[in-house]
Amino acid sequence: MPAPSEGKEAEAEAEVVRSAFHAALAGLAAVPDPMVRVRAAGLLQDVVRDLQGELRAIRYQAVAALRETRTLQEIADELGVSVARVSQLSASVSHRQISTAARSRPSAARASRRAPAADDRDS
């Protein structure tokens with residue numbers, strides 16, 4: 001079992017990040033120009049999508065590390081999830097590797113939102 005302070009520390013760290021996200025969203029919502037706001041929102045959606053993949057990888061790798069010293073049942077009990085879920089997370093680490101190259105290359109859709117179209121620059 002993890003020490004109670006470890007769980008509280010993790011929750012406190014998550015709350016700091018959550019608060020930062022909410023502050024960023026409030027700032028974005030307050031941007032007066034709707035065109036700037038919509039473009040910024042699209043870019044932020046891309047960032048969040050990328051971060052979700054990275055967060056999954058971190059979680060899967062942490063579960064794989066736990067599997068080196070604990071049983072599925074022990075991990076499930078500590079995380080408050082089912083043994084089947086821990087098994088899925090553990091198996092996912094070998095199936096869902098995030099490629100550094102894929103993360104560093106923006107998709108065509110993202111690139112088109114980053115650079116204003118020629119028509120936009122002329123006005």
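Values below: all heavy atoms of this structure, side chains included; hydrogens, waters and symmetry mates excluded.
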Nearest heavy-atom contact between V83 and Q73 is CG2-OE1, 3.2 Å
Nearest heavy-atom pair of R67 and S90: which atoms, and what distance?
CG-OG, 3.4 Å
Non-neighbouring partners of [X] that pass side chain to side chain contact (heavy atoms under 4.5 Å, CB included), sequence neighbours left out:
X   : value
S87 : L72
R59 : R85, L89
L66 : R70, I75
E15 : R18, S19

Spacing of [X] atom [atom1] and [Y] atom [atom2] [to the nearest 0.5 Å]:
X   : Y   : atom1 : atom2 : result
L55 : D50 : CG    : CG    : 11.0 Å
L28 : F21 : CG    : CZ    : 13.0 Å
L25 : H22 : CG    : NE2   : 7.0 Å

Would you mind listing the cluster partners of V31? Hydrophobic ones only (ILVMFWY), side-chain contacts under 4.5 Å, chaining allowed.
V36
Between L79 and I58, is there a shared hydrophobic cluster once you connect ILVMFWY residues whose side-chain heavy atoms come closer than 4.5 Å?
no
Provide the full list of salt bridge (charged side-chain N to carboxylate O under 4.0 Å, His left out) pairs with a residue in residues 21-35, sequence neighbours left out, each pair given once.
none
With respect to V86, which candidate in D77, T71, V63 satisfies the side chain to side chain contact (heavy atoms under 4.5 Å, CB included) definition?
V63
